[in-house]
Amino acid sequence: EFATSTWYQFLMVYKRMNLVFWRNPEYNAGRIFQAIIVGVVIGFSFWNIGRSSSDAQLIILTIFMILILGVNMIVAALPQFIFLRELFRRDYASKFYSTLPFSVAMILVELPYLTFIATITFVACFWSIGIDSTSYNGFYFWIAFVMFVWYCVSFGQFIAAASPNVAIAMILLPLFNLFLFLFAGVLAPPSSLPSFWRGWMYHINPFRYFLEGIITSVFKPLAIRCTDEDFYRFKTPPGLTCGEYTRDYFEGGATGYIKDPNATDMCSYCSFQQGDEFYKQSEWSYANIWRDFGIL
């Protein structure tokens, strides 16, 4: 059907796609600008977050807000893909190359740019928000975020490929985004979801696996120390210290700690002591981070 092999078609199409992207800098310049803005705004809006239980909520909110860049990448990918698809249809009608070389080239040509874009946002916000960083969880955050941005663009290309034009793609996109955000496990823990959605939508949601991997890797080394506003206060029965009064409660598997176990009047209780106690309410596990990366 075609005069050249599939491999040769791919090489030529990939070379052509690189020229198209290089000669059309507005597409990538806009995405790089968005990456800078998202990283700087998030980093300076949540500058050097503390380590209290309420601050832990802010850390999760910050990571959740990073998803904004992914949504922006999806939106940007739609018109670019549809424009290049029109060129493909013309060339395919002339039997220059087939669908497979075009599809693979469209994915691969994006990867270097997306890696650079994800790295910009990572550098701009990761240390600004004061995350307890080790070389291991810092690397995991970066590589998982890069993979997440790759996924978002490929997802945008999928929606564009299924749409006859940009207008229809823009109508379909919010419907998909609604499910991606609602069933990611942050806005509503899995245990609170209706059984119908929890049984399948939660498990096929890529955002869930990205957030589980990132949040558990960030919270694993985190030691939570409540401020005075975060403590729950209650009185002990006469003759008992706070530690004695709450012993059965903690032996039953409760999280958190008592500020002064030897106090005999007013007890101050913090709901969490370690970061992993915080994310277990979402039924997530640090042991799944590389599984989540592979699924993503």
Side-chain angles (χ1 to χ4, degrees), residues 17-49 58-84 105-131 133 135 137-160 166 169-170 173-174 176-177 180-181 184 186 205-215 217-218 292-293 296:
M17 290 298 177
N18 278 282
L19 288 174
V20 170
F21 274 59
W22 183 255
R23 292 172 178 175
N24 183 29
E26 293 83 3
Y27 174 56
N28 283 309
R31 299 194 299 179
I32 291 172
F33 178 74
Q34 291 178 11
I36 295 173
I37 293 300
V38 170
V40 170
V41 169
I42 291 177
F44 283 91
S45 297
F46 299 92
W47 179 268
N48 198 21
I49 299 175
L58 287 179
I59 294 175
I60 290 183
L61 175 62
T62 303
I63 296 173
F64 188 72
M65 289 180 65
I66 293 176
L67 299 179
I68 293 173
L69 181 66
V71 175
N72 290 346
M73 294 300 102
I74 296 175
V75 173
L78 299 180
Q80 179 77 354
F81 182 90
I82 291 176
F83 166 72
L84 293 174
M106 275 297 300
I107 295 172
L108 295 183
V109 74
E110 290 271 15
L111 301 187
Y113 297 100
L114 296 177
T115 302
F116 180 67
I117 288 167
T119 302
I120 291 175
T121 302
F122 167 78
V123 171
C125 71
F126 183 75
W127 290 282
S128 301
I129 62 180
I131 292 177
S133 174
S135 57
N137 70 10
F139 171 77
Y140 181 84
F141 193 110
W142 172 76
I143 194 66
F145 188 53
V146 169
M147 184 63 68
F148 169 73
V149 175
W150 288 4
Y151 159 76
C152 287
V153 171
S154 63
F155 181 68
Q157 292 177 345
F158 164 75
I159 295 176
V166 176
M170 289 297 184
L173 179 59
F176 285 100
N177 285 340
L180 291 174
F181 278 92
V186 171
N205 188 345
F207 281 23
R208 167 258 172 119
Y209 295 103
F210 168 72
L211 290 171
E212 179 181 14
I214 291 294
I215 289 175
S217 68
V218 167
D292 297 335
F293 177 80
L296 185 63

K.L.:
Indicate the atoms forming the closest heavy-atom contact of Gly156 with Leu78, along with that distance.
P.N.:
O-CD2, 3.1 Å
K.L.:
Who pairs with Phe155 by ring pair (Phe, Tyr, Trp, His ring centres under 6.0 Å), at least two apart in sequence or on another chain?
P.N.:
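Counting only residues at least two positions away or on another chain, Phe155 forms a ring pair (Phe, Tyr, Trp, His ring centres under 6.0 Å) with Tyr151, Phe176.
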K.L.:
In the structure I gave you, are the side-chain heavy atoms of Val71 and Cys152 within less than 4.5 Å of one another anywhere?
P.N.:
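When only atoms from C-beta onward are counted, Cys152 and Val71 do not touch, as no gap falls below 4.5 Å.
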K.L.:
Working to the nearest 0.5 Å, report the span between CD1 of Ile214 and CG of Leu67.
P.N.:
10.0 Å
K.L.:
Are any of the side-chain nitrogens in Arg31 or Glu110 under 4.0 Å away from the carboxylate oxygens of its partner?
P.N.:
yes
K.L.:
Give the minimum heavy-atom separation between Ala160 and Phe81, together with the two atoms involved.
P.N.:
CB-CD2, 3.5 Å
K.L.:
Has Asn137 got a side-chain atom pairing as donor or acceptor with Val218's backbone, closer than 3.5 angstrom?
P.N.:
no
K.L.:
With heavy-atom distances below 4.5 Å as the criterion, would you say the side chains of Leu114 and Val146 are in contact?
P.N.:
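They are not in contact (no side-chain heavy atoms under 4.5 Å apart), so the answer is no.
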K.L.:
Quick check: do Thr121 and Ile36 have side-chain heavy atoms less than 4.5 Å from each other?
P.N.:
no
K.L.:
Where do Ile59 and Ile129 land on the side chain to side chain contact (heavy atoms under 4.5 Å, CB included) test, with the steps shown first?
P.N.:
CA-CA 8 Å; Ile59 294 175; Ile129 62 180; 5.6 Å; no
K.L.:
At their closest point, which heavy atom of Ile107 faces which heavy atom of Leu111, and how far apart are they?
P.N.:
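Distance-wise, the nearest heavy atoms are O-CG, 3.5 Å.
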K.L.:
Starting at CD1 of Ile120, measure out to SG of Cys125 and round the result to the nearest 0.5 Å.
P.N.:
12.0 Å
K.L.:
Got Ile143 and Met147 here, is their nearest side-chain heavy-atom distance under 4.5 Å?
P.N.:
no
K.L.:
Before giving the answer on side chain to side chain contact (heavy atoms under 4.5 Å, CB included), spell out for Phe46 and Ile49 the whole-Å C-alpha distance, their side-chain angles and the decisive distance to 0.1 Å.
P.N.:
CA-CA 6 Å; Phe46 299 92; Ile49 299 175; 3.6 Å; yes
K.L.:
Looking at OG of Ser217 and CD of Glu212, how far apart are the two atoms once the value is rounded to the nearest 0.5 Å?
P.N.:
10.5 Å
K.L.:
Show your reasoning for whether ring pair (Phe, Tyr, Trp, His ring centres under 6.0 Å) applies to Phe145 and Trp142.
P.N.:
CA-CA 5 Å; Phe145 188 53; Trp142 172 76; 9.9 Å; no
K.L.:
Given side chain to side chain contact (heavy atoms under 4.5 Å, CB included), test Met65 with Leu61 step by step and report yes or no.
P.N.:
CA-CA 6 Å; Met65 289 180 65; Leu61 175 62; 4.2 Å; yes
K.L.:
Can you tell me how far apart CE (Met17) and CE (Met106) are? Round to the nearest 0.5 Å.
P.N.:
5.5 Å
K.L.:
Would you check if Tyr113 and Ile32 make a side-chain contact, meaning some heavy-atom pair closer than 4.5 Å?
P.N.:
no
K.L.:
Side chains of Ile68 and Gln34, heavy atoms from C-beta outward: is any pair under 4.5 Å?
P.N.:
no
K.L.:
Rounded to the nearest 0.5 Å, how far apart are CZ of Phe293 and OH of Tyr209?
P.N.:
15.5 Å
K.L.:
If you look at every heavy atom in Asp292 and Gly213, which pair is closest and at what distance?
P.N.:
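Shortest heavy-atom contact: OD2-N, 3.5 Å.
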K.L.:
Ile66 versus Val38: any side-chain heavy-atom pair under 4.5 Å?
P.N.:
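With C-beta onward as the side chain, the pair stays apart.
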K.L.:
Centroid separation under 6.0 Å, is that true for the rings of Phe122 and Trp127?
P.N.:
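Yes.
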K.L.:
If you compare all heavy atoms of Ala35 against all heavy atoms of Leu69, which two are closest, and at what distance to 0.1 Å?
P.N.:
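Looking at all heavy atoms of both residues, the closest pair is CA-CD1, 3.8 Å.
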K.L.:
Does Phe83 form a side chain to side chain contact (heavy atoms under 4.5 Å, CB included) with Val166? I'd like the steps, not just the answer.
P.N.:
CA-CA 9 Å; Phe83 166 72; Val166 176; over 6 Å; no
K.L.:
With a 3.5 Å distance limit and no angle check, can you tell me whether Ser45 reaches the backbone of Ile42 through a side-chain donor-acceptor pair?
P.N.:
no
K.L.:
Nearest 0.5 Å, please: how far is CE in Met170 from CD1 in Ile159?
P.N.:
10.0 Å
K.L.:
Does any part of the side chain of Ile215, heavy atoms only, come nearer than 4.5 Å to the side chain of Phe210, both counted from C-beta?
P.N.:
no
K.L.:
To check you understand the geometry: which heavy-atom pair defines the closest contact between Phe207 and Phe148, and what is its length?
P.N.:
CE1-CE1, 3.4 Å
